[in-house]
Amino acid sequence: MLKLRSVAFELTPRCNQRCLYCYNAWREEGAPVGGELSTGQVCGLVDKVLAEAELGHVTLTGGEPFLRADLLDIIGHVNARGLPVAIISNGRLVDDRLAAALAARDVAYVQVTLLGPDAATHDALCGAGSFDGVTRAAARLVAAGVAVGGSFLCTRRNFAAAGATLSLMRRLGMRDQVAFNRFNPSGPAAARVAELLPTRSQVLAALGEADAFTGAHGLRVHCTMPIPHCMADEAEFPNVEFGVCSAATEQAEYAVDPSGNLKLCTLQRRPVGNLFEHGFCELVEGEAAARFRARRPAFCQECPHGPSCRGGCGAAAEWVFGDPNALDPFLAQHVE
């Protein structure tokens, strides 16, 4: 049986925020919003995946997953199958009642994104009121005993606030794990490369702050978005955990979109097939996944890190350049 860390279920295309960096394909200008699967359909797909794969947990995301009135039922179904859930949310719908309900279930953590240490920085990227929403949510969840994971997204606008943002996360109780991501242009945000994509020096500055803060306070910080090896010397940041593009590998977190389509990750533009029509392993082991797994930009062919790094994020390369074999836009802005 296939063993995976997690599979992410994008439960809804609906969201109560309009973040500038949003990667959801259904947010593209002119794209049809589409509907949602019923409770039974979602739970059926969970069971279909679990029949073919052994997971550490199930990730529930969106859109904004708390917009679904049946979210607690879906969590209960996953828990009944012996697995915890992780939830990715903007937090604005979390009140004391919901926090208590989550505490009564097997929720590994709720991950929320914090983009700055103050409302001015965060709201400029996520919309008015979003900073107050996410900080209130974190406080309510922690008070209820629900673990909260933080996510910092490094952009051209907020890179200098990395250390201060991590400090606020720690004060809010996000002490177990924090994701450090650099903006990765995909979905509607692919049109905001010039506005949001940070330079190498900006990312290194933010990583330096993250490394120093982590070393001083014991916070676990990991880069969930790949940073090509030629763009950062990992040895200079010993307190930060780095990763590579895991799409279509044993470390992958595959994603099921609101129509039941399977993607190699949440950022991928084109799904590899639909789970109502094909088996999970059939798609994971299929030709489309194999092609993506073998990708390597021409620029990276001679690089000794090529087989593992694969030039960074192929999903972003496809969104920006139309080809997953092109360079990751983060790298391309310096090479080209």
Side-chain angles (χ1 to χ4, degrees), residues 1-15 22-28 30-89 105-106 186-188 246-293 314-315 318-319 324:
M1 180 175 283
L2 185 65
K3 292 187 177 182
L4 297 170
R5 177 174 56 89
S6 175
V7 169
F9 286 82
E10 297 172 323
L11 298 178
T12 177
R14 294 178 291 146
C15 190
C22 182
Y23 62 81
N24 290 145
W26 49 82
R27 285 278 314 280
E28 278 192 293
V33 173
E36 301 174 349
L37 301 179
S38 68
T39 309
Q41 288 174 315
V42 172
C43 294
L45 289 183
V46 168
D47 290 345
K48 185 170 186 175
V49 171
L50 293 180
E52 299 187 55
E54 181 180 326
L55 307 181
H57 68 272
V58 169
T59 300
L60 303 177
T61 181
E64 171 50 51
F66 287 128
L67 284 170
R68 285 196 64 134
D70 61 351
L71 182 64
L72 294 177
D73 295 327
I74 294 171
I75 294 172
H77 181 84
V78 175
N79 289 168
R81 299 300 183 268
L83 290 177
V85 301
I87 302 171
I88 300 176
S89 168
R105 290 161 174 79
D106 191 358
S186 49
S246 62
T249 72
E250 293 180 356
Q251 290 75 44
E253 183 177 60
Y254 295 90
V256 182
D257 79 6
S259 298
N261 296 309
L262 184 70
K263 301 182 292 183
L264 303 181
C265 71
T266 55
L267 301 182
Q268 193 181 27
R269 184 167 196 169
R270 295 180 177 85
V272 294
N274 189 280
L275 283 177
F276 288 112
E277 301 170 359
H278 303 277
F280 180 70
C281 285
E282 176 189 355
L283 295 177
V284 166
E285 297 167 358
E287 182 182 348
R291 281 199 307 270
F292 194 92
R293 189 163 47 243
E318 183 172 16
W319 276 107

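Please read these numbers as outputs of a predicted model, since none were measured by experiment. We use all heavy atoms of the structure for the numbers below, so side chains are in, but hydrogens, waters and symmetry mates are not.
Heavy atoms of other residues, nucleotides or ligands lying less than 6.0 angstrom from CD of Glu277 number more than 12.
Remark: Lys48 NZ to Gln41 CD distance equals 12.0 Å, nearest 0.5 Å. Atom-to-atom distance recorded for Ser38:OG and Asp70:CG is 8.5 Å, nearest 0.5 angstrom. To the nearest 0.5 Å, atoms CG (Leu2) and CG (Leu4) are separated by 4.0 Å. Note: Gln268 CD to Asp257 CG = 10.5 Å, rounded to the nearest 0.5 Å. Distance check, rounded to the nearest 0.5 Å: CG of Leu60 to CD1 of Ile88 gives 9.0 Å. Atom CD of residue Glu318 and atom CZ of residue Arg269 lie 7.0 Å apart, to the nearest 0.5 angstrom.
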| query | Does the pair Arg5 and His57 meet the rule for a side-chain contact (heavy atoms from CB on, under 4.5 Å), with working shown? | reply | CA-CA 7 Å; Arg5 177 174 56 89; His57 68 272; 4.2 Å; yes
| Can you list the steps and then say if Phe66 with Ile87 is a side-chain contact (heavy atoms from CB on, under 4.5 Å)? | CA-CA 9 Å; Phe66 287 128; Ile87 302 171; 3.9 Å; yes
| query | Given Thr12 and Glu64, is the side chain to side chain donor-acceptor pair (under 3.5 Å) satisfied, shown in steps? | reply | CA-CA 7 Å; Thr12 177; Glu64 171 50 51; over 6 Å; no
| CA sep, side-chain torsions, deciding dist, call: Val7, Val58, side-chain contact (heavy atoms from CB on, under 4.5 Å) | CA-CA 6 Å; Val7 169; Val58 169; 5.9 Å; no
| task | Could you go through the side-chain contact (heavy atoms from CB on, under 4.5 Å) check for Phe9 and Ile74 one step at a time? | result | CA-CA 11 Å; Phe9 286 82; Ile74 294 171; over 6 Å; no
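Contact check on Arg81 versus Asp47 returns a salt bridge, with a Lys/Arg side-chain nitrogen under 4.0 Å from an Asp/Glu carboxylate oxygen. Between Arg291 and Glu287 there is a salt bridge, since at least one side-chain N of the basic residue sits less than 4.0 Å from a carboxylate O of the acidic one.
When only modelled atom types and interatomic distance are considered, Thr59 and Glu253 share a side-chain donor-acceptor pair under 3.5 Å. Counted by atom type alone, Glu10 and Thr266 present zero donor-acceptor pairs between their side chains at under 3.5 Å.
Side-chain atoms of Thr39 and Arg68, non-hydrogen and from C-beta on, do get closer than 4.5 Å to each other. The shortest side-chain heavy-atom distance between Leu11 and Leu71 falls under the 4.5 Å cut-off. In this structure, the side chains of Asn274 and Leu262 stay at 4.5 Å or more apart for every pair of heavy atoms. Residues Leu45 and Phe280 are not in side-chain contact: their nearest non-hydrogen atoms beyond the backbone lie 4.5 Å or more apart. In this structure, Glu282 and Glu52 have side chains that are not in contact, with every pair of non-hydrogen atoms separated by 4.5 Å or more.
Remark: side-chain polar atoms of Lys263 are not paired, donor with acceptor, to backbone N or O of Tyr254 under 3.5 angstrom. When atom types are taken as modelled, the side chain of Trp319 and the backbone of Pro324 share no donor-acceptor pair closer than 3.5 angstrom. The main-chain N or O of Asn261 is never found under 3.5 Å from a side-chain atom of Ser259 such that the two would form a donor-acceptor pair. Judged purely by atom type and a 3.5 angstrom limit, Asn79 uses its side chain to pair as donor or acceptor with the backbone of Leu83.
Taking all atoms of both residues into account, the shortest heavy-atom contact from Gly63 to Pro65 is O-CD, 3.5 Å. Shortest non-hydrogen contact noted between Ala8 and Thr61 is CB-CG2, 4.4 Å.
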